[in-house]
Colleague: 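Please find one structure pasted underneath; my questions will follow.
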Amino acid sequence: MPDGPLPYRGRFAPSPSGPLHFGSLFAAVVSYLDAKTHQGQWLVRIEDLDPAREQAGASAGILATLAAHGLEWDERETYQSDQIELYRANLATLQHQERLYWCRCSRKQLSGQAVYPGTCAQQRRPLAEAAIRFQTLSEQDRFVDRFQGLQTCAPREQAGDVVVVRKDGLYAYQLAVVSDDISHGISHVVRGIDILDSVWWQRELYRALGSAAPQYGHFPVLLKPGSEQKLSKQNRAPAVQNQTASANLVQIFRALGMNFAPDRPPQLLQQALAEWRSGPLSAQIHLQSQALRLD
Ligand code: GLU
């Protein structure tokens, strides 16, 4: 292997539960800028494993919105619903390692428990209508988040065992995301801080699947104008309008501390890239740490 920095392969992984809102456009923009600053590739993966939460036409709409904002992705976009064999194979690997058990605990039984107490840990044989949990073994773990700094955890005690197949038979987010990031050779994961707690399970899965974890960077959530509320689908963040792509980008860059006059999306992205390269943007993310506000 030649020495030198890892080739950068990043990604944006939206769930097609509705059109892109400002919070998810922000995630796309930040992960794109970070990838392109490192001469990296930026992939798009549609996380469509949950048909009940999927909105008809949302995947196509998301891709159209990215394109309207000049966010061109490398390679062909992928869909998690095409990767079921991969998840099955990785699940089998975990089963060979005797890391899985079947769990019938209801949501009600678990309410108020921050960490799964291991109630079903002895249930090593398949059970119908049960979720499958993956055992977390690490006593201690740590990593340096590129935006949030050193993170430490006692995963076995503080994260506990995580569902990898849901009771309804669908593969759960943690297993799917790690399987895909490994299979796509993702070297850098850049996403919102609301997912930071998942890293402990994801790193545990990387170890069990024999792959090196990527570098992580979790950026602050974007707050609604004039409020402390996160911009998210649950908070009814409005859908991004493609017709106002330039203004949308200007607004997002302003939340990141960059003021640009309106211009076409590709030009705006070029300007933002130049600023990201020179550093203040990541400094801004460090400084603000938990939240940035859209105005
Ligand atoms: N599909 C996840 C979401 O929309 C992305 C998770 C990730 O980037 O790992 O929140």
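All values below were derived from every heavy atom in this structure, side-chain atoms included, with hydrogens, water molecules and symmetry-related copies excluded. Remember, it's 1-based here, ligands and their atoms both numbered in the order they're listed.
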Colleague: Under a 3.5 Å distance rule, please check whether Asp48 uses its side chain to pair with a backbone N or O of Tyr79 as donor and acceptor.
Modeller: no
Colleague: Is there a donor-acceptor pair under 3.5 Å between the side chain of Arg99 and the backbone N or O of His96?
Modeller: no
Colleague: Is ligand 1 under 4.0 Å from a heavy atom in the side chain of Val189, in the backbone, in both, or in neither?
Modeller: neither
Colleague: Considering both backbone and side-chain atoms of Ala13, is one of its nitrogen or oxygen atoms within less than 3.5 Å of a nitrogen or oxygen in ligand 1?
Modeller: yes
Colleague: Would Phe12 count as a contact residue for ligand 1, given that I'm defining contact as a non-hydrogen atom of the residue lying under 4.0 Å from a ligand atom?
Modeller: no
Colleague: Measure the distance from atom 4 (O) of ligand 1 to every protein heavy atom, then report the residue, atom name and distance (to 0.1 Å) of the closest one.
Modeller: Ser15 OG, 3.3 Å
Colleague: Nearest to atom 10 (O) of ligand 1, what protein heavy atom do you find, and at what distance?
Modeller: Ile195 CD1, 3.9 Å
Colleague: Do the side chains of Arg156 and Asp161 get close enough for a salt bridge, i.e. N-O under 4.0 angstrom?
Modeller: no
Colleague: Do Arg11 and Glu75 sit within salt-bridge range, that is, some charged N less than 4.0 Å from a carboxylate O?
Modeller: no
Colleague: What residue and heavy atom of the protein are closest to atom 8 (O) of ligand 1, and at what distance?
Modeller: Arg11 NH1, 2.7 Å
Colleague: Which residue and non-hydrogen atom of the protein lie closest to atom 6 (C) of ligand 1, and at what distance in Å?
Modeller: Tyr173 OH, 3.3 Å
Colleague: Check the orientation of Trp42 and Phe12. Use parallel for under 30°, tilted for 30 to 60°, and perpendicular for over 60°.
Modeller: parallel
Colleague: Are any of the side-chain nitrogens in Asp74 or Arg9 under 4.0 Å away from the carboxylate oxygens of its partner?
Modeller: no
